[in-house]
> 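I have a structure I would like to understand better, so I am pasting it below and will then ask my questions one at a time.
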Amino acid sequence: MFGLSEIAILLIVVALVVGARKLPELARNAGKASRILKAEAREMKADDGRREPAATYTVRETPAAAEER
């Protein structure tokens, strides 16, 4: 039967033949996505937890909880 490497090579060849027109666009989009991801990761490291939380929550007592006291 086929091994893993033969199947991988076959899939790469099929992808090149069938999707030759879309490959440059896919590569461009992958590059943009990786740049955005890297920039966000750098920003998170730079913040180092000094940023305030995005949302604050307030806890309200319900009438039933107030009666239990």
Side-chain angles (χ1 to χ4, degrees):
M1 260 337 219
F2 292 111
L4 185 59
S5 60
E6 288 88 2
I7 293 173
I9 291 171
L10 183 64
L11 288 174
I12 290 171
V13 170
V14 168
L16 289 174
V17 171
V18 173
R21 291 183 185 165
K22 293 285 184 180
L23 283 178
E25 182 181 342
L26 290 173
R28 219 174 292 119
N29 289 337
K32 287 179 185 178
S34 68
R35 280 192 298 273
I36 291 170
L37 183 63
K38 286 179 185 178
E40 291 293 327
R42 267 189 248 117
E43 185 179 329
M44 286 179 65
K45 282 185 181 179
D47 284 347
D48 198 39
R50 291 182 292 239
R51 189 175 11 176
E52 292 182 24
T56 57
Y57 299 97
T58 57
V59 178
R60 294 187 310 170
E61 287 189 16
T62 60
E67 289 175 6
E68 290 177 4
R69 287 189 186 184

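The structure displayed is predicted, hence computed values, not measured ones.
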> Between Glu6 (side chain only) and Gly3 (backbone N and O only), is there a donor and an acceptor less than 3.5 Å apart?
yes
> Excluding sequence neighbours, so at least two apart, what forms side-chain contact (heavy atoms from CB on, under 4.5 Å) with Leu16?
Ile12, Leu23
> Looking at Glu40, Lys38, Lys45, Met44, which one forms a side chain to side chain contact (heavy atoms under 4.5 Å, CB included) with Arg42?
Lys38
